[in-house]
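What you see is a predicted model, and the numbers here were worked out from it, not measured in a lab.
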Amino acid sequence: MDYRSLALRMLENWQLHFKIGNKFFNTVKSHVMLLMCIEQNPEIFPKGISELVGVSPPRVATAIKELMADGLIVREMDDGDRRRIFIRLTPKGKEFLQDQKEEFVRGTTTLFELLGEHDAKEYVRLLEKIATIKKQGLCKKN
C-alpha cells in the first residue's frame, strides 16, 4: 500500500473540506490554505480569495499584508486593466507552500499507516465524496 499517494490525494481535496474559520484565520494553517488558494487560482484577486475561503475581505486583506511582509506573495497589476490587482506566489512562497505540503503528507502518511490500509482508503474515499458534494453545491449554508 502506497500511503504517501493516498496522503497526496487527500491533500488535493483538503481545501474543499475545511473552510477557514474566523477565529483560526491568523494561524499558520489558514495562511497555508490561503496560499493553496492562490496557487490553484493564479489570476485571483483579493475579493476572489475572500469568496473562495469564506472569510471577510478585511481579514483577507490582513492576511495578504502578513504574507507580503513575509515575502510569500506579491501584488501585480493586470496589464489589461491597471485597476485590477492579482495576488501571486513568490518563489519563496512556492517553496514555503511546498514545504508545508510535504510536512502535511509526512504526518498524514504516518496517520494512514496507523489506521491501516482499509481505514485509510475509506477515510480518503469519504473526503473525496464530500468534496464532490460540495463542488456540486449540494451542501450549502442555510
(message) Going by side chain to side chain contact (heavy atoms under 4.5 Å, CB included), name the residues that satisfy it together with Ser50, two or more places apart in sequence or in a different chain.
(response)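 Partners of Ser50 by the side chain to side chain contact (heavy atoms under 4.5 Å, CB included) criterion, ordered by chain and then number, come out as Pro57, Val60.
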(message) Once side chain to side chain contact (heavy atoms under 4.5 Å, CB included) is applied, do any residues pair with Thr90, and if so which ones, sequence neighbours excluded?
(response)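 Partners of Thr90 under the side chain to side chain contact (heavy atoms under 4.5 Å, CB included) test: Val74, Lys92.
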(message) If hydrophobic clusters are built from ILVMFWY residues whose side chains come within less than 4.5 Å, do Ile73 and Met77 share one?
(response) no
(message) When you group the ILVMFWY residues by side-chain heavy-atom contacts below 4.5 Å and let the links chain together, are Ile64 and Ile85 in the same group?
(response) no
Please identify each residue that fulfils side-chain hydrogen bond (donor to acceptor under 3.5 Å, both in side chains) with [X], with sequence neighbours left out.
| X | result |
| --- | --- |
| Arg106 | none |
| Lys65 | none |
| Glu117 | Lys121 |
| Arg88 | Glu76 |

Nearest 0.5 Å, please: how far is [atom2] in [Y] from [atom1] in [X]?
| X | Y | atom1 | atom2 | answer |
| --- | --- | --- | --- | --- |
| Glu103 | Asp99 | CD | CG | 8.5 Å |
| His118 | Tyr123 | NE2 | OH | 15.0 Å |
| Cys37 | Ile49 | SG | CD1 | 5.5 Å |
| Met33 | Leu97 | CE | CG | 10.5 Å |

(request) List the atom of Arg4, the atom of Thr109, and the distance in Å for their closest heavy-atom pair. (result) CA-OG1, 3.6 Å
(message) Could you report the tightest heavy-atom contact between Tyr3 and Gly116, atom names first, then the distance?
(response) OH-C, 3.4 Å
(message) Applying ring pair (Phe, Tyr, Trp, His ring centres under 6.0 Å) as the test, list every pair that has at least one member in residues 72-91; sequence neighbours left out.
(response)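 Pairs touching residues 72-91 that pass the test: Phe45-Phe86.
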(message) Would the distance check show the side chain of Asn41 and the main-chain N or O of Ile44 forming a donor-acceptor pair, the cut-off being under 3.5 Å?
(response) no
Heavy-atom side-chain contact between [X] and [Y] under 4.5 Å:
| X | Y | answer |
| --- | --- | --- |
| Leu89 | Leu72 | no |
| Phe96 | Val32 | yes |
| Val124 | Phe112 | yes |

(request) I would like to know whether His31 and Glu66 meet side chain to side chain contact (heavy atoms under 4.5 Å, CB included); could you show each step before the answer? (result) CA-CA 9 Å; His31 281 185; Glu66 291 169 358; 2.8 Å; yes
(request) With side chain to side chain contact (heavy atoms under 4.5 Å, CB included) as the test, would you mind laying out the steps for Met1 and Leu6 before giving the verdict? (result) CA-CA 9 Å; Met1 174 67 203; Leu6 199 56; 3.6 Å; yes
Can you list everything that forms a salt bridge (charged side-chain N to carboxylate O under 4.0 Å, His left out) with [X]? Sequence neighbours excluded, please.
| X | result |
| --- | --- |
| Glu122 | Arg125 |
| Arg84 | Asp78 |
| Glu113 | none |
| Glu95 | none |

(message) Can you confirm whether more than 12 heavy atoms, excluding those of Lys94, are under 6.0 Å from its NZ atom?
(response) no
(message) Closer than 4.0 angstrom, basic N to acidic O: yes or no for Glu128 and Arg9?
(response) yes
